[in-house]
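Input: a single structure, listed below in structure tokens.
In what follows, chains carry the letters A, B, and so on, assigned in the order in which the sequence lines appear, proteins first and then strands, with residues in each chain numbered from 1. Values below: all heavy atoms of this structure, side chains included; hydrogens, waters and symmetry mates excluded.
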Amino acid sequence: MPEGHTIHRLARDHTRDLAKQSLAVSSPQGRAVQAAAALDGGAIEKVDAYGKHLLYRWSTGDTLHVHLGLYGTFRRLPSPPPEPRGALRLRLQGEQFTADLRGPIACELLEAPREELLLARLGPDPLRRDGDPERFAANLRRRRLPIGAALMDQAVIAGVGNVYRAEVLLIAGIDPRRPARDLSAGEMRAVWDISKRLLTAGVKANRIVTRPREAGRKSRVPRREAVYVYRREACARCGGPVERYELAARTMYACPACQPAATADSPSRALSPP
DNA sequence: AGGGTATGGTAAT
DNA sequence: TTACCCTACCCTC
């Protein structure tokens with residue numbers, strides 16, 4: 001779940017549910033006791049999202065940095081919440097709602113210099129107003145690695161993960177193994193625009209949905225039916241077999257028919273937007 | 001009910 | 001390159 005869409009959705013929800021009120025902050029698991037003690041009784045001004053990173057801005061001037069990693073999850077409970085159970089890393093208890101954080105890779109106070117370092121190594125984020133497609137293109141031109149690997153590099157583009165990279169490249173009709181810098185300017189722009197569109201839809205739906213729902217289909221379909229290639233046997237666009245292989249230490253899913261290797265004679269072509 | 005797997009990144013090796 | 005975090009989900013039984 002935690003690609004950029006999840007993070008931006010949490011920033012929005014937590015700003016709505018928890019900001020501008022006194023919060024009881026605790027760390028029952030004991031691994032963020034110091035941060036909890038510093039923040040307890042304080043108030044959040046707003047929550048910012050950069051790629052897959054959450055920054056909670058407290059009225060004291062403190063910034064709490066949270067990164068969910070692969071397992072991390074926030075659960076929203078009505079206040080007052082039940083007694084904490086298990087490995088509960090952080091609990092933010094507000095007047096009406098409580099947010100419980102489990103399994104994050106990062107949950108720490110972030111001093112200004114370290115925040116600068118963190119943001120400096122993030123590429124443009126399509127979900128942010130300041131996300132700049134020209135910066136993205138410049139990042140790609142600088143890299144010889146495959147486009148499927150470049151999209152996983154948070155310094156190239158922030159917020160895209162393993163599901164979105166597969167889906168974006170399928171829709172763009174681009175073979176993931178093509179060197180990033182070999183993409184045409186139009187292809188680079190298409191990859192950015194499709195990423196932005198899919199991530200934005202993900203924030204709204206609060207899940208990854210890259211494929212239009214079939215007419216008359218029930219409103220909530222299994223993930224398998226909400227995507228074109230990720231973890232599928234057959235491509236949802238053409239019905240052909242989906243290829244899977246390791247790329248950037250993760251499993252890549254691609255349709256060889258919809259994502260042909262480009263040649264000088266026949267550059268790969270993008271799908272018309274669904 | 002229970003087992004296998006992973007939407008991510010860091011630190012150790 | 002590998003171990004790890006140790007949750008939620010999906011699948012099978």
Side-chain angles (χ1 to χ4, degrees), chain A residues 1-11 27-32 35 49-55 65-77 81-82 84-91 99-108 110 114-115 117-123 125-127 145 148-171 176 194-195 198-211 218 220-233 242 244-254:
Chain A
M1 306 213 231
E3 294 192 30
H5 68 297
T6 304
I7 304 314
H8 282 260
R9 176 61 179 253
L10 282 168
S27 179
Q29 182 195 35
R31 287 186 53 175
Y50 294 85
K52 297 168 185 169
H53 297 265
L54 282 164
L55 298 179
H65 171 221
V66 173
H67 191 293
L68 294 180
L70 186 55
Y71 307 123
T73 178
F74 265 110
R75 185 162 231 162
R76 181 176 184 265
L77 307 166
R85 286 205 313 273
L88 180 55
R89 185 74 59 87
L90 192 75
R91 168 169 276 181
D100 277 0
L101 172 64
R102 296 169 190 276
I105 199 167
C107 173
E108 60 187 1
L110 199 61
R114 287 179 53 217
E115 176 179 336
L117 281 175
L118 171 71
L119 298 183
R121 59 167 210 261
L122 289 182
D125 177 348
L127 285 175
L145 80 179
L151 290 181
M152 292 294 279
D153 184 343
Q154 300 300 298
V156 170
I157 181 170
V160 172
N162 200 33
V163 181
Y164 278 122
R165 77 160 167 174
E167 296 297 307
V168 167
L169 291 177
L170 180 283
I171 292 170
I194 293 165
S195 301
L198 297 186
L199 282 161
T200 300
V203 173
K204 187 174 176 197
N206 205 10
R207 65 182 301 219
I208 298 176
V209 180
T210 63
R211 173 151 68 111
K218 60 178 185 234
R220 174 140 192 132
V221 299
R223 179 177 60 192
R224 205 170 39 260
E225 295 176 39
V227 297
Y228 284 102
V229 285
Y230 179 76
R231 278 223 187 189
R232 285 178 55 96
E233 300 293 325
V242 170
R244 59 178 71 185
Y245 47 89
E246 194 114 318
L247 188 58
R250 314 296 295 278
T251 307
M252 181 77 223
Y253 301 81

Closest nucleotide of DNA chain C for A:Arg75 versus for A:Pro104: which of these residues is on the 5' side?
-> A:Pro104
For A:Met152, the side-chain contact (heavy atoms from CB on, under 4.5 Å) test, sequence neighbours excluded, returns A:Asn162, A:Arg165, A:Arg250
Polar atoms only, N or O, under 3.5 Å: list the protein pairs with nucleotides 9-13 of chain B and their distances.
unit_1: B:dG9; atom_1: OP2; unit_2: A:Lys52; atom_2: NZ; d: 3.4
unit_1: B:dT10; atom_1: OP1; unit_2: A:Arg121; atom_2: NH2; d: 2.7

Looking across every strand, which nucleic acid part, if any, lies under 4.0 Å from A:Gln29 by heavy atom: base, sugar-phosphate, or nothing?
-> sugar-phosphate
Using atom P of each nucleotide, how far apart are C:dA3 and B:dT5 to the nearest Å?
-> 16 Å
Just jot down the salt bridge (charged side-chain N to carboxylate O under 4.0 Å, His left out) partners of A:Arg91, sequence neighbours excluded, or say none.
-> A:Asp100
Which residues satisfy the side-chain hydrogen bond (donor to acceptor under 3.5 Å, both in side chains) test with A:Arg244, sequence neighbours excluded?
-> none
Nearest-Å distance once atom P is located in both C:dA8 and B:dT10 = 22 Å
Using the test side-chain hydrogen bond (donor to acceptor under 3.5 Å, both in side chains), find all partners of A:Arg114 that sit at least two apart in sequence or belong to another chain.
-> A:Glu108
How would you list, by chain and number, every residue that makes a side-chain hydrogen bond (donor to acceptor under 3.5 Å, both in side chains) with A:Gln154, sequence neighbours excluded?
-> none
With sugar-phosphate meaning primed atoms plus P, OP1 and OP2, does A:Tyr164 contact a base, only sugar-phosphate, or nothing at under 4.0 Å between heavy atoms?
-> nothing
Please list, chain by chain and in numerical order, all residues satisfying side-chain contact (heavy atoms from CB on, under 4.5 Å) with A:Phe74, sequence neighbours excluded.
-> A:Leu10, A:His14, A:Leu54, A:Tyr56, A:Val66, A:Leu68, A:Ala99, A:Leu101
For A:Arg89, answer base if it contacts any base atom (sugar-phosphate contacts may also be present), sugar-phosphate if it contacts only those atoms, and nothing otherwise; contact means non-hydrogen atoms under 4.0 Å.
-> sugar-phosphate
Which protein N or O atoms sit under 3.5 Å from an N or O of nucleotides 10-13 of chain C?
unit_1: C:dC11; atom_1: OP1; unit_2: A:Arg224; atom_2: NH1; d: 2.2

Sequence-distant partners of A:Arg9, salt bridge (charged side-chain N to carboxylate O under 4.0 Å, His left out), two or more places apart = A:Asp13
Secondary-structure string, 5' to 3', Watson-Crick or G-U under 3.5 Å, | for another-strand partners, for DNA chain C | |||||.||||||.
Hits for ring-ring contact (aromatic ring centres under 6.0 Å, His included) against A:His53, two or more places apart or cross-chain, chain-then-number order -> A:His65, A:His67
Taking salt bridge (charged side-chain N to carboxylate O under 4.0 Å, His left out) as the test, write out the residues that go with A:Arg75, two or more places apart.
-> none
A:Leu10 atom CG is separated from C:dA8 atom P, nearest whole Å, by 13 Å
B:dG8 C1' sits how many Å from A:Glu3 CD, rounded?
-> 9 Å
Considering only heavy atoms from C-beta outward, does the side chain of A:Leu127 approach that of A:Thr200 to under 4.5 Å?
-> yes
Taking CG from A:Leu90 and P from C:dC6, how many angstroms apart are they, rounded to a whole number?
-> 14 Å
With distance as the sole test, does A:Arg31 use its side chain to make a donor-acceptor pair with the main-chain N or O of A:Ser27 at under 3.5 Å?
-> no
